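Below you'll find the structure, written out as structure tokens, and then a few comments.
Because the structure is predicted, anything quoted here is derived from the model rather than measured.
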Amino acid sequence: MSEAQHEQDSIGRRGLLRRASTVAAGVAGAGVVGVAGATPAQAAAGDPVVQGATNVVDAATTLRNTGARATLRLQNVRTYDSGPGGEVWAEPALQLMPSGTTLSNLAEAGSIGMDVEGNIWIVTRSGNGSNDRHVVHTTANSNRIVPLVPQRVLDTRYASSRGLVRETGYLDASGRLLAGRSISLRLTDHLYCADAVFGTLTVVQPTLGGFAQVYPFGTTRPTDFSSINFAPNQIVSNAFVCGIGSDPEARNASDLISIYTNRTTHVILDITAAVVGAGRVNPRSALPVRANRIDVGGKAAWES
């Protein structure tokens, strides 16, 4: 080997070593963020992505796939049992880095990001050509109405239909709710940590004309509203929506509502739907609905 060739080979080796040390330190990248290992440095476009290192680049990185399968597949197969409850916890396959209070108004349609509160944002294109930013609804920041199979949860005319938190001293010998008293109803057979409930309140043959209220358990009873107004000896119903409370000192009492009447009367309460965020509905109480809310297929009758 000539001296010139030897010098050129040495320069090539030194260049490769410098490049290898740069990659190992997490300098390479194409816009993908990993777990920080070393101080990040600027990378050139086209440098490889290094797993376990911070990869930094100024320009956006595009992954393009012309096939029918997913363009990017992220897998984390680690799972473990959380304890005697039987749940199996999975490690996440993707983390969106929280940043800012919302997405930039310059973000392209289809962009996804997360704000500093942990809310996920997406960008859509509006009809006037500009882009709109939206918060993705999750159990952390919204709720949904779950239709229930309509069912009776309280009828004071029958002892077997009084799922009350407290009963002694609040009902007369016939089971009627005494005037000026509140009873609390437990809904835990149907709901778990629900936010509100829809239903119908019925009064049966009150002694005098008056009103009744359905209100959240654990709150001070409001005095300036009524869920239903009635005349003496009427049988009359009215729909209601009521927030749900809980009793931190009672076991299995996370879903409670209260009923008050200013006149002695029998009361009946039926439920038809629940508002649920992080909570759940007993599958036996829920009305089955179609899961596909986007493409229902066919045509509506008025479109024919």
Measure from the side-chain N and O atoms of [X] to the backbone N and O of [Y], and report whether any donor-acceptor pair falls under 3.5 Å.
X: Ser104; Y: Leu106; result: yes
X: Thr264; Y: Thr207; result: no
X: Asp270; Y: Pro150; result: no
X: Thr156; Y: Val267; result: yes
X: Asp132; Y: Thr124; result: no
X: Arg263; Y: Gly210; result: no
X: Gln213; Y: Phe225; result: yes
X: Asn76; Y: Leu74; result: no
X: Asp255; Y: Leu187; result: no
X: Glu117; Y: Asp115; result: no

Mind checking the [atom1]-[atom2] spacing from [X] to [Y]? Nearest 0.5 Å is all I need.
X: Trp121; Y: Ile112; atom1: CH2; atom2: CD1; value: 14.0 Å
X: Met114; Y: Thr102; atom1: CE; atom2: OG1; value: 13.0 Å
X: Ile259; Y: Leu269; atom1: CD1; atom2: CG; value: 5.0 Å
X: Tyr215; Y: Thr223; atom1: OH; atom2: OG1; value: 11.5 Å
X: Gln151; Y: Ile271; atom1: CD; atom2: CD1; value: 4.5 Å
X: Ser258; Y: Leu185; atom1: OG; atom2: CG; value: 9.0 Å

>> Test side-chain contact (heavy atoms from CB on, under 4.5 Å) on Phe217 and Ile257; report intermediate values, then the result.
In response: CA-CA 5 Å; Phe217 176 87; Ile257 58 175; 5.6 Å; no
Examine [X] and [Y] and state if one hydrophobic cluster contains both, with Ile, Leu, Val, Met, Phe, Trp and Tyr joined whenever side-chain heavy atoms are less than 4.5 Å apart.
X: Val281; Y: Val153; answer: yes
X: Val275; Y: Phe240; answer: no
X: Ile228; Y: Phe198; answer: no
X: Leu94; Y: Leu72; answer: yes
X: Leu256; Y: Ile268; answer: no

Would you call [X] and [Y] a side-chain contact if the rule is heavy atoms closer than 4.5 Å?
X: Leu287; Y: Val149; answer: yes
X: Val203; Y: Gln234; answer: no
X: Ile235; Y: Gln205; answer: yes

>> Evaluate Ser246 against Ser254 for side-chain hydrogen bond (donor to acceptor under 3.5 Å, both in side chains), listing each step before the verdict.
In response: CA-CA 4 Å; Ser246 61; Ser254 61; over 6 Å; no
Where [X] and [Y] come nearest, the two heavy atoms and their spacing:
X: Asn262; Y: Ala179; result: O-CB, 3.4 Å
X: Ser237; Y: Thr200; result: CB-CG2, 3.7 Å
X: Tyr170; Y: Ser182; result: CD2-O, 3.2 Å
X: Cys242; Y: Pro216; result: SG-N, 3.5 Å
X: Ala274; Y: Leu191; result: CB-CD2, 3.5 Å
X: Pro147; Y: Ile145; result: CD-O, 3.7 Å

> Of the options Asp172, Ile183, Thr265, Thr261, which is the one that meets Leu178 in a side-chain contact (heavy atoms from CB on, under 4.5 Å)?
Replying inline: Asp172
> How are the rings of Trp89 and Tyr80 set to each other: parallel, tilted or perpendicular (split at 30° and 60°)?
Replying inline: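 Ring orientation, 0 to 90° scale: perpendicular.
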> Is there a side-chain contact (heavy atoms from CB on, under 4.5 Å) between Asp189 and Asn282 once you walk through the steps?
Replying inline: CA-CA 7 Å; Asp189 286 345; Asn282 187 332; 5.7 Å; no
Counting only heavy atoms not in [X] (residues, nucleotides, ligands), do more than 12 fall under 6.0 Å from its [atom1]?
X: Phe211; atom1: CZ; answer: yes
X: Gln51; atom1: CD; answer: no
X: Glu108; atom1: CD; answer: no
X: Arg221; atom1: CZ; answer: yes

> Given Asn238 and Leu201, is the side-chain contact (heavy atoms from CB on, under 4.5 Å) satisfied, shown in steps?
Replying inline: CA-CA 5 Å; Asn238 196 35; Leu201 176 66; 5.8 Å; no
>> The test is side-chain contact (heavy atoms from CB on, under 4.5 Å); show your working for Asn143 and Val276 and say whether it passes.
In response: CA-CA 5 Å; Asn143 49 41; Val276 178; 5.8 Å; no
